Amino acid sequence: MIRKLVVLLSMFLLSLPLFSGVESYLRLAAEWSYDTNAFSSPLPTGFSLDSYFPNGGEFLKRQNIGFSISSDTYFVDESRVGLSLSFAFRAPYHSVSIIPEGSGYDWIYREEDSTDRQHSSLFAGIGPVFRYSFGSVELSLPIRLSLGSYDFFSSGFIAGVSIEPGVNVFLGDDIFLSFSLVYDAHLMKFFFSLDRIYDPGYIMLTAGVSLGAGFRFGGDDA
C-alpha cells in the first residue's frame, strides 16, 4: 500500500510540468528533524499523574534523518499563489522515551533509549504555496494539510498542518538550490477501528531543516 502511494504521488508530481502554461518546481532535499510531545522542560511535577500522563504512555524526544520530494505549481504566469505537494520519509536515529511511573501525587519520570522501538515516519502534504521573487532569489511559504503515520499505517493515520518557509537560489534560469525550515503539527490520530475512531488527546510536533536542489519547468523561461 505504501509503495503504491509513493509511486502514484511521484508520477503525479512528475506529470505536472507537462501541462501547457504551467510553471512547476520539482525539488529533492535531505532533511534533519526532531519529533516530540514534550512541550516543557522540566516536565510538570507536583500534580496528579492523571493530569499529565501523555497519550501512548510516554513522552518522546526523537531525532530523524530523511528526505523529501516536493512540487510547487503555479497555473498562471508570474502568479504569487500556487499549489504545493510534498512527501517526506524520516528515519529515526536516536530516541528517548520519558515514562511517568507511580500513582496519584507520588510519581517520577524514568528515561530510556527507545530507538529500537521506533519506526520510520511517512507524511504527505497538499495546500497553497506563496512566493516572492527578487533577482535570483525566491522566498516561498507552503501551508499544507499533512497526512501520515509513525507506524507504516498499521494502526491508523495522523492529520495535521505543516508549514515550510524556504529560500530558493537560482544558479541559472531553471536550476536552483534551496533551504527551508520544516514545521509539522500532527494534531489528530484516526484509527482503523470501529471501536475507537480517533485519539482525543493526541499531539506530536515535528521541527527541522532541509537542504536540497531542484528544477523549474515551464513558465516564461520554457
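Here the structure is a predicted model, which is why all the values come from computation and not from measurement.
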Asks: What is the distance from atom CG of Leu177 to atom CG of Asn168, rounded to the nearest 0.5 Å?
Replies: 9.0 Å
Asks: Nearest heavy-atom pair of Ser33 and Thr206: which atoms, and what distance?
Replies: CB-CG2, 3.9 Å
Asks: When the aromatic ring centroids of Phe39 and Phe59 are compared, is their separation below 6.0 Å?
Replies: no
Asks: Check Tyr34 against Gln63 and note the closest heavy-atom contact, atom names and distance.
Replies: CD1-CG, 3.9 Å
Asks: If you round to the nearest 0.5 Å, how far is CD1 of Ile163 from CG of Leu141?
Replies: 6.5 Å
Asks: In Å, rounded to the nearest 0.5 Å, how long is the span from CD1 of Ile197 to CZ of Phe190?
Replies: 9.0 Å
Asks: Run Asp113 and His94 through side chain to side chain contact (heavy atoms under 4.5 Å, CB included) and show every step you take.
Replies: CA-CA 8 Å; Asp113 189 307; His94 181 65; 3.8 Å; yes
Asks: Are the side chains of Arg90 and Phe67 in touch, meaning some heavy atoms are under 4.5 Å apart?
Replies: no
Asks: Indicate, with yes or no, if the rings of Phe130 and Tyr132 have centres closer together than 6.0 Å.
Replies: no
Asks: Measuring from Tyr183:OH to Leu205:CG, what's the distance to the nearest 0.5 Å?
Replies: 4.5 Å
Asks: Identify whether Phe153 and Leu187 are in the same connected component of the hydrophobic contact network (ILVMFWY, side-chain heavy atoms under 4.5 Å).
Replies: yes
Asks: Please report the closest heavy-atom contact between Ser71 and Leu26, naming both atoms and the distance.
Replies: CB-CD1, 4.3 Å
Asks: Hey, does the side chain of Thr115 reach the backbone of Ser95 with a donor-acceptor pair shorter than 3.5 angstrom?
Replies: yes
Asks: Start with the C-alpha distance between Phe215 and Phe217, add both sets of side-chain angles, then the distance that settles ring pair (Phe, Tyr, Trp, His ring centres under 6.0 Å), and finish with yes or no.
Replies: CA-CA 7 Å; Phe215 195 85; Phe217 302 84; 4.9 Å; yes
Asks: Under 6.0 Å between ring centres, would you say that holds for His186 and Tyr202?
Replies: no
Asks: Measuring only between side-chain heavy atoms, which start at C-beta, is Pro165 closer than 4.5 Å to Ser180?
Replies: no
Asks: Using the rule that Ile, Leu, Val, Met, Phe, Trp and Tyr join whenever any side-chain heavy atoms are under 4.5 Å apart, tell me whether Phe157 and Ile203 fall into a single cluster.
Replies: yes
Asks: I'd like to know if Glu164 and Arg27 make a salt bridge, using a cut-off of under 4.0 Å between side-chain N and carboxylate O.
Replies: yes
Asks: Please check if any side-chain donor atom of Arg131 sits under 3.5 Å from a side-chain acceptor atom of Tyr25, or the reverse.
Replies: yes
Asks: How close do Asp151 and Ser149 get, heavy atom to heavy atom, and via which atoms?
Replies: OD1-OG, 2.6 Å
Asks: According to a hydrophobic-cluster definition based on side-chain heavy atoms being under 4.5 Å apart (Ile, Leu, Val, Met, Phe, Trp, Tyr only), do Leu60 and Val182 belong together?
Replies: no
Asks: Looking only at side-chain N and O atoms, does Arg144 offer a donor or acceptor that is under 3.5 Å from a partner on Ser84?
Replies: yes
Asks: Look up atom OG in Ser193 and atom OH in Tyr198, then write down how far apart they are to the nearest 0.5 Å.
Replies: 14.0 Å
Asks: Any chance you could lay out the salt bridge (Lys or Arg N to Asp or Glu O under 4.0 Å) test for Arg110 and Glu58, step after step, and finish with the verdict?
Replies: CA-CA 10 Å; Arg110 175 174 59 86; Glu58 63 184 16; over 6 Å; no
Asks: What's the verdict on side chain to side chain contact (heavy atoms under 4.5 Å, CB included) for Ile69 and Phe89, showing C-alpha distance, side-chain angles and the deciding distance?
Replies: CA-CA 9 Å; Ile69 302 172; Phe89 171 86; over 6 Å; no
Asks: Run the side chain to side chain contact (heavy atoms under 4.5 Å, CB included) test on Tyr150 and His119 for me, step by step, so that the C-alpha distance in whole Å, both residues' side-chain angles and the decisive distance to 0.1 Å come before the verdict.
Replies: CA-CA 6 Å; Tyr150 282 100; His119 301 287; over 6 Å; no
Asks: To the nearest 0.5 Å, tell me how far Ile158 CD1 sits from Ser146 OG.
Replies: 8.5 Å
Asks: Could you walk me through whether Phe152 and Leu122 satisfy the side chain to side chain contact (heavy atoms under 4.5 Å, CB included) test, starting with their C-alpha distance in whole Å, then the side-chain angles of each, then the deciding distance to 0.1 Å, before giving a yes or no?
Replies: CA-CA 7 Å; Phe152 296 107; Leu122 301 168; 4.0 Å; yes
Asks: Among the clusters formed by ILVMFWY side chains lying less than 4.5 Å apart, do Leu181 and Val167 turn up in the same one?
Replies: no
Asks: Is it the case that Ser68 and Ser210 place a side-chain donor and acceptor less than 3.5 Å from each other?
Replies: no
Asks: Are any of the side-chain nitrogens in Glu111 or Lys61 under 4.0 Å away from the carboxylate oxygens of its partner?
Replies: no
Asks: Is the shortest distance from a Lys or Arg side-chain nitrogen in Asp199 or Lys189 to a carboxylate oxygen in the other one below 4.0 Å?
Replies: no
Asks: Can you find a heavy atom in the side chain of Arg62 that is under 4.5 Å from one in the side chain of Asn37?
Replies: no
Asks: With the 4.5 Å side-chain cut-off for hydrophobic clustering, are Leu139 and Val81 part of the same group?
Replies: no
Asks: By side chain to side chain contact (heavy atoms under 4.5 Å, CB included), which residues pair with Ser133, not counting sequence neighbours?
Replies: Glu138
Asks: Does a donor on one side chain and an acceptor on the other come within less than 3.5 Å for Ser70 and Ser86?
Replies: no
Asks: Which heavy atom in Gly160 sits nearest to a heavy atom in Leu145, and how many Å separate them?
Replies: O-CD1, 3.4 Å
